[in-house]
Amino acid sequence: MKKNGLRLKDFLNISFAKQPSFSNDGKKVSYISNKSGAAQIYTIDRADKTIRQITSGNEPVTFASFSPASSKIAYGRSFGGNENTQLYLINSDGRSEKKISPCNAAQYRFGSWSPDGSRIAYTSNERDGTNFDAYVYDTKNGKRQCVHKGKGVWEAMHFSPVGSKLLLRKVVAPRVHELYLVDLFSGTAKHLFGKHLNSYYVPVGWRLGGDEILLLTNQSFEYLRLVFYSIQNRRSKVVIEDACDIERAALSPDEKCLAVVFNRNGESVLDIYNLVTKKKNAGSIAPSSVIGTMQWSPDSRLLAFAAENATTPSMIWTYHSKSASLKHLTRGEKKIPVGYRVKPVLKKYRSFDGLLVPLYCFYPKRTLKKNRKIFSLVFLHGGPDEQYRQTFSPLIQYLAFRGIAVFVPNIRGSSGYGRKYLALDDGEKKIDALRDVAELAHFIKRQKIFSVPALMGVSYGGYAVLAQLAFYPNLWAGGISSSGISNFLTYLKNTARWRRTLREKEYGDLKKDRGFLQSISPVTFANRIKSPVLLIHGKNDQRVPCSETVQIAEILRRQKIWVKTVLCKDEGHRIRKRANLFRASREIVEFLMSLFSSAGKEAKILKRKIRD
């Protein structure tokens, strides 16, 4: 699959660098990269730029965090995509690896290191597979203590400055939390805010005095803002707020500098505030991008962060607080000339009720055939409360390179636009979000230069693809559903036990809302589907079981609709291993090229017999 000297593999082989973490002396930075084919831990020496690979294997690493007091790195990985993340300790030289999580069938969620590096906090559902308890692990003697038994999904956050208390967050519903403070000596848990506030909390860290917590929250506000919360007075003081979400923040160890990331129309704006002079930098210090993990060096001089955009994969940058200089710590690969990469144009289209929906448009620089309409594809994000951001997608870039226009909407219910927009698809209003997608098809048609669009989506986006093909069959040329829900009744019954309650709060109760759940399930109206469908799924998916893909495929085969399934035995909810990405991406490209072509060998795919 080669065009103009560039192959699909050339795009998919572009690697990223994410999640920077400083060593305790600040001389090294660890990060995660997929350069070897699966995400692994690397370290880079800041002085001589020597890079060393610390972990290896075919299973991707999910996180890595340097100890604040030694050369140890805590990291996690799951196997076969099952999301049962296991926890490990390893030295920064790649030696003395030790597994610290006892149950392979359980999921472990890393929280944080204690300030002195002697303990690690995490939560796990090992007790019963459903409820998450909080543990503190002693890195010296290898013993652990259960410090809180939880009901539902709980997450460990930050130790207090002296290590005597631990912040815990309970996930009540999607983007709804409660915060608790556990005294590690007495075992008592104190609720920090009132219950039933329908608010989102992201603790950033403690102030040195040990009484105040810096956190992001949308409590009593439309957007996420930055506040200091006093534990003693039980009061919040707003530090920074804006007419957009503040998505990240990092306070320097000396508490003189505060790094703040704003989400402005899907683009990250990074500002540095000097808390001594009460001034901030002039303009964003980072290039146009989406900013990921941030961390200050132990001496508070450097801020390391990951940044990427639609045309450039994630790289690690450092910002010097004294000289205000910005430098690459890792370099992006240049396998694809910049001239072949497409930057999206941000537009808005009007939906059925007048709502303006944000839309990213990847317009190809060349088309497949002259004097013909441009082939078009609509890509739908997951969640449903995610937000499409201008992150680097090698597949989207390749499709644009091949002459396909790609449209990516943030339909109602997407995050990043405030509470009201997020709530527009709550409950039975889910159908309104699907109508947003249908209106996009009409918007594309009105341009008169694009073909009838195809659809592609992952997770909830995969469900939306199947729903569009069933509810609006005349609007679409075909669809690609990856890890998509086909029947909400079987999905809620078979999803992992720890997820069921949270998902019912998003979609509806399996018993009380059975009729509604059936009404929005693609299988209910599968007899209306008439376009070709490509289905992709990981067999070990705990979130959306692979049976969701199998059952819709069987229905479509009985109806003599062209359908193909691509099942990856060693993947879960997302396809992450490079070999599987090659396979799935190749199937996607071949499907789309065949779908859009009206002559030649590529068109023959639609004439083949139904097969696996």
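What you see is a predicted model, and the numbers here were worked out from it, not measured in a lab.
With hydrogens and angles disregarded, no donor-acceptor distance shorter than 3.5 Å links the side chain of S451 to the backbone of K373. Under a 3.5 Å cut-off, the side chain of S36 and the backbone N or O of A38 do form a donor-acceptor pair. For the pair E308 (side chain) and F392 (backbone), a donor-acceptor distance under 3.5 Å is present. Panel note: side chain Q542, backbone N82; a donor-acceptor pair is recorded below 3.5 Å. A distance-only check finds no donor-acceptor pair linking the side chain of N91 to the backbone of D93 [under 3.5 Å]. With N34 contributing its side chain and F16 its backbone, the two residues share a donor-acceptor pair below 3.5 Å. Formation of a donor-acceptor pair under 3.5 Å by the R248 side chain with backbone atoms of I291 is found in this model. S23 places a side-chain N or O within donor-acceptor distance of the main-chain N or O of K28, the cut-off being under 3.5 Å. The closest donor-acceptor contact from the side chain of R412 to the backbone of D436 lies at 3.5 Å or more, if one exists at all. Within the 3.5 Å criterion, the main-chain N or O of G57 finds a donor-acceptor partner in the side chain of Q40.
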Distance-only check: which donor-acceptor pairs under 3.5 Å involve side-chain atoms of residues 456-463, not counting sequence neighbours?
{"unit_1": "S459", "atom_1": "OG", "unit_2": "H573", "atom_2": "NE2", "d": "2.7"}
{"unit_1": "Y463", "atom_1": "OH", "unit_2": "I520", "atom_2": "O", "d": "2.7"}

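Environment of NZ in K99: crowded, with over 12 heavy atoms of neighbouring residues, nucleotides or ligands closer than 6.0 Å. In this structure, N265 places its CG atom where only 12 or fewer heavy-atom neighbours from other residues, nucleotides or ligands lie under 6.0 Å away. Within a 6.0 Å sphere centred on NZ of K569, other residues, nucleotides and ligands contribute 12 heavy atoms or fewer.
The shortest distance between side-chain heavy atoms of V378 and I444 falls below 4.5 Å. Contact check for I404 versus P364: no side-chain heavy atoms found under the 4.5 Å cut-off. Contact check for L592 versus I480: side-chain heavy atoms found under the 4.5 Å cut-off. By the 4.5 Å heavy-atom criterion applied to side chains, P20 and Q295 are not counted as neighbours. Here the side chains of M315 and H328 are in contact, with some heavy-atom distance below 4.5 Å. Two residues are said to be in side-chain contact when any heavy atoms from C-beta on lie closer than 4.5 Å; R7 and L12 fail this criterion. Between H537 and T565, every side-chain heavy-atom pair lies at or beyond the 4.5 Å cut-off. Side-chain contact between L270 and M294: present, with at least one pair of heavy atoms (C-beta onward) separated by less than 4.5 Å.
The two residues R503 and P384 make their nearest non-hydrogen contact at NH1-CD, 4.4 Å. Nearest approach of S414 to Y417, heavy atoms of both residues: O-CD1, 4.2 Å. A pairwise comparison of heavy atoms in I90 and T55 identifies CD1-CG2, 4.2 Å as the closest pair. A pairwise comparison of heavy atoms in S376 and F407 identifies CB-CE1, 3.8 Å as the closest pair. Contact detail for G80 and N540: the closest heavy-atom pair is O-ND2, 2.7 Å. Considering all non-hydrogen atoms of both residues, W296 and A250 come closest at NE1-O, 2.9 Å.
Ring centers of F11 and F401: under 6.0 Å apart, within the cut-off.
At a threshold of 4.0 Å, the pair K430-D425 counts as salt-bridged, since one of the basic side-chain nitrogens sits closer than that to a carboxylate oxygen.
Annotation: the span from L556 atom CG to S486 atom OG amounts to 9.5 Å, rounded to 0.5 Å. The line from NZ of K98 to CG of L87 is 12.5 Å long, rounded to the nearest 0.5 Å. The distance from atom CZ of F450 to atom CD1 of I374, rounded to the nearest 0.5 Å, is 5.0 Å. The CD atom of Q390 sits 11.0 Å away from the OG1 atom of T312 when rounded to the nearest 0.5 Å. Note that CD1 of I536 is 4.0 Å distant from CD1 of I588, once rounded to the nearest 0.5 Å. From S101, atom OG reaches atom CD of Q86 across 3.5 Å, with rounding to the nearest 0.5 Å.
In the model, T293 has no side-chain atom that pairs as donor or acceptor with a side-chain atom of Q19 under 3.5 Å. Judged by distance alone, the side chains of N494 and E548 never bring a donor and an acceptor atom under 3.5 Å apart.
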- Message: Quick one, E247 with R389, criterion salt bridge (charged side-chain N to carboxylate O under 4.0 Å, His left out). Give me CA distance, side-chain angles, the key distance, then yes/no.
- Response: CA-CA 13 Å; E247 57 182 351; R389 308 290 299 278; 2.8 Å; yes
- Task: Could you check F362 against F379 for side-chain contact (heavy atoms from CB on, under 4.5 Å), going step by step and ending with a plain yes or no?
- Result: CA-CA 11 Å; F362 291 80; F379 179 83; over 6 Å; no
- Task: Please report the C-alpha distance between R175 and E506 in whole Å, then the side-chain angles of each, then the deciding distance to 0.1 Å, and finally whether the salt bridge (charged side-chain N to carboxylate O under 4.0 Å, His left out) criterion is met.
- Result: CA-CA 10 Å; R175 297 187 182 272; E506 175 66 54; over 6 Å; no
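The side-chain hydrogen bond (donor to acceptor under 3.5 Å, both in side chains) check on E571 picks up N580, with sequence neighbours excluded. Taking Y360 as the reference, nothing meets the side-chain hydrogen bond (donor to acceptor under 3.5 Å, both in side chains) condition, with sequence neighbours excluded.
Of the candidates R543, R576, R574, R543 is the only one forming a salt bridge (Lys or Arg N to Asp or Glu O under 4.0 Å) with E83. Screening F110, F63, Y108 for a ring pair (Phe, Tyr, Trp, His ring centres under 6.0 Å) with Y122, the sole residue that qualifies is Y108.
Geometrically, K365 does not engage Y340 in a cation-pi contact, judged by NZ or CZ lying under 6.0 Å from the ring centre and within 45° of the ring axis.
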